[in-house]
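Hydrogens, waters and symmetry mates are skipped; everything else that's a heavy atom, side chains included, is used.
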Amino acid sequence: MENKERGSFKGSLGFVLAAAGSAVGLGNIWRFPYLAARDGGGLFLVIYLILALTFGFALLTAEVAIGRKTKQSPLTAYGRLKKKWKWIGIFSCLVPFMIMPYYCAIGGWVIKYFVAFLTGQGKAAATDDYFTGFITGTTQPIVYMIIFLLACAVIIFMGVSGGIERSARIIMPILLVLVVGIAIFSMTIHHTGEDGVTVSGLEGMKVYLIPSLEGVGVREFFYIVMDALGQLFFSLSIAMGIMIAYGSYVPDDANLVKSINHIEFFDTAVAFLAGVMIIPAVFVFMGKDGMSAGPSLMFISLPKIFAEMGVVGDVVGTLFFAMVLFAAVTSGMSVLEAVVSSLIDEFGMTRKNAVIAETVAALVIGVAVCLGYNKLYFEVKLPNGSTGQILDILDYISNYILMPVIAFATCILIGWVLKPDSVIEECTKNGEHFRRKGLFIVMVKFVAPVLIGILFLMSIGVI
């Protein structure tokens, strides 16, 4: 019964597409371009690429291998490896449990904007008070949040091969076509400002690609490295329990090393293309100062840019938010699956009951998140210096506290308690050649724990 309820991927391609879909989420689309524009363009790109091929590779390999080795969800996998270390699994299950409600709320925002541009309301969506007016409403945000949550729940209810793998095989190719198409369009646009100066998308590409060392000293360089490191958690879906859950569905005869390499490539390519989509367009219409952090980039700045494009703006805006919606769904369903698989493995629940239980929990907390901008509005000062509401508190605890702790503990468990061979043996069980074996050992034992420790101290405001 356990195997039937858990399911498995039918092939490596399904796993790669599902894992890549999880990685290609909202964090990649709005956070990566902002960081790249702020942190010296090409300088950030080079640092991110180096960290992705070293730090990201090590943690991604460890989590996928843990999943396949134990055939368990994040909640139970760590306990199978070492009983006293089950607490990491509890934290790994808490992260997606906390992320799912507010991710659905943001997913609802994406649906709202997709519908607006699809119905020709793009200019209205570009007005100054549109976004604020929407999220401070009491009904629409909840309705759209429920629609997004149900879409993810239906896919997960259909199972691993029938839901996750099948949807990934359909959505990911469409998503990639949209990403590439919008990126190409973004590089071709021109705009003449009130001063008569014409700016092109290619000039924005220079800002994105050419490393800028202006104002970058040792301290600034260190913070850019930490920004790139933090982005990797979002980009690769590590320390969220997702890759352990997905890894547990990978067949024993699949080439794990090759699959991980493919996931790295997909993630890095889409993260890069996210910048190509957004940075040239924002630069053309708003200059470098137009880049802003978080949701405001996607829900305030970009709609204004689409409105400036005229009639074609509605078409581009519709395609853009369709792409964002596809990315959000593939990530949202992976977050949901991490919790559902944990309920199945820990409590012996059927997939149907596990999906219902987590959907109800996400719905209740999701409603609270939506009301956090109106009926339940309050402000609290967070340790990292930012001010937040319910959504921001959930995001801070899950992403800035629990995830670094999980990643650090995983490195200690694999690097020093079980030893790196426990992962290497799993990756080479079919005779595969693990070319980066030495790199994996050095990263998981020494480099990654130090970097994660520094990142954690920054997250809690010590540094």
Side-chain angles (χ1 to χ4, degrees), residues 12 15-16 19 23 49-89 91-92 225 228-229 232-233 235-265 267-268 403-456:
S12 297
F15 164 60
V16 170
L49 181 60
I50 292 172
L51 288 173
L53 296 175
T54 54
F55 173 88
F57 153 76
L59 286 180
L60 179 63
T61 300
E63 293 198 0
V64 173
I66 288 172
R68 191 172 78 166
K69 187 182 185 71
T70 61
K71 294 297 182 188
Q72 292 291 301
S73 63
L75 180 59
T76 52
Y78 286 97
R80 289 289 180 92
L81 292 174
K82 201 76 173 178
K83 193 172 182 180
K84 291 183 178 179
W85 291 73
K86 184 177 180 179
W87 64 271
I88 309 177
F91 279 21
S92 295
V225 171
L229 189 69
L232 276 171
F233 283 87
S235 294
L236 292 174
S237 294
I238 50 181
M240 300 182 187
I242 294 169
M243 290 305 166
I244 293 178
Y246 277 8
S248 72
Y249 302 136
V250 177
D252 285 327
D253 59 354
N255 189 323
L256 213 56
V257 176
K258 185 181 291 185
S259 295
I260 290 169
N261 291 340
H262 289 160
I263 295 169
E264 279 185 293
F265 172 78
D267 165 69
T268 305
M403 284 167 58
V405 169
I406 293 166
F408 182 84
T410 300
C411 288
I412 300 303
L413 176 63
I414 298 300
W416 297 96
V417 179
L418 299 176
K419 308 300 181 184
D421 280 346
S422 60
V423 166
I424 294 170
E425 289 170 2
E426 180 63 31
C427 291
T428 58
K429 66 193 299 181
N430 299 310
E432 297 92 343
H433 182 48
F434 196 177
R435 294 182 178 178
R436 287 184 280 177
K437 179 171 69 174
L439 174 64
F440 173 78
I441 294 172
V442 171
M443 290 302 301
V444 81
K445 291 187 71 172
F446 305 108
V447 181
V450 172
L451 291 176
I452 296 167
I454 295 172
L455 183 66
F456 178 73

task: With the side chain counted from C-beta on, respond yes when Leu59 and Leu236 share a heavy-atom pair under 4.5 Å apart, and no when they do not.
output: no

- prompt: Hey, what do you get for OG1 (Thr268) to CG (Leu53), rounding to the nearest 0.5 Å?
  reply: 6.5 Å

Gap between atom OG of Ser235 and atom CG of Leu51 - 0.5 Å precision: 11.0 Å

statement: By salt bridge (Lys or Arg N to Asp or Glu O under 4.0 Å), Asp421 pairs with (sequence neighbours left out) none

query: If you measure from CG on Leu413 to CG on Leu418, what distance do you get to the nearest 0.5 Å?
result: 4.5 Å

Contact summary for Cys427 and Leu256, nearest pair of heavy atoms: SG-CD2, 4.2 Å

task: Determine, stepwise, if the pair Thr410 / Tyr78 fulfils side-chain hydrogen bond (donor to acceptor under 3.5 Å, both in side chains).
output: CA-CA 9 Å; Thr410 300; Tyr78 286 97; 2.8 Å; yes

message: Other residues, nucleotides and ligands only: do more than 12 of their heavy atoms fall within 6.0 Å of NZ on Lys419?
response: yes

Heavy-atom side-chain proximity of Phe57 to Phe55 below 4.5 angstrom: no

message: For the backbone of Ala77 and the side chain of Lys86, can you confirm whether one donor and one acceptor N or O come within less than 3.5 Å of each other?
response: no

pair Ser248-Thr70: side-chain heavy atoms closer than 4.5 Å: no

- prompt: Would a distance-only check, ignoring hydrogens and angles, find a side-chain to backbone donor-acceptor pair under 3.5 Å from Lys83 to Arg80?
  reply: no

statement: Value for OG1 (Thr54) from CG (Leu49), rounded to nearest 0.5 Å, stands at 9.0 Å

statement: Nearest heavy-atom approach of Ala409 to Trp87 is CB-CH2, 3.6 Å

- line: Taken in chain and number order and not counting sequence neighbours, the residues that satisfy side chain to side chain contact (heavy atoms under 4.5 Å, CB included) with Lys258 are Asn255, His262

query: Which pair of non-hydrogen atoms, one from Phe233 and one from Ala407, has the smallest distance, and what is that distance?
result: CE2-CB, 3.7 Å

- prompt: Which value, rounded to the nearest 0.5 Å, describes the distance between Ile263 atom CD1 and Asp267 atom CG?
  reply: 9.5 Å

- request: Show your reasoning for whether side chain to side chain contact (heavy atoms under 4.5 Å, CB included) applies to Val16 and Phe265.
  value: CA-CA 10 Å; Val16 170; Phe265 172 78; over 6 Å; no

message: Taking salt bridge (Lys or Arg N to Asp or Glu O under 4.0 Å) as the definition, give me every residue that meets it alongside Glu264, ordered by chain and number, with sequence neighbours left out.
response: Arg436

Under 3.5 Å, side-chain donor or acceptor atoms of residues 441-455 against the rest of the protein: list the pairs with distances, not counting sequence neighbours.
none

- prompt: Going from CG on Asp252 to CG on Asn430, what distance comes out if it is rounded to the nearest 0.5 angstrom?
  reply: 7.5 Å

- prompt: side-chain hydrogen bond (donor to acceptor under 3.5 Å, both in side chains): which pairs involve residues 57-69, sequence neighbours left out?
  reply: Arg68-Glu426

Return all side-chain donor-acceptor pairs below 3.5 angstrom for residues 237-247, not counting sequence neighbours, or 'none' if the list is empty.
from	atom 1	to	atom 2	distance (Å)
Ser237	OG	Ser22	O	3.2
Ser237	OG	Ser22	OG	2.9

query: If every non-hydrogen atom of Lys71 is compared with every non-hydrogen atom of Val250, which pair is closest and at what distance?
result: NZ-O, 2.7 Å

- request: For atom NZ of Lys429, decide whether the heavy atoms of other residues, nucleotides or ligands shown that lie under 6.0 angstrom number more than 12.
  value: yes

Pairwise side-chain contact, Val417 with Leu81, heavy-atom cut-off 4.5 Å (strictly under): no

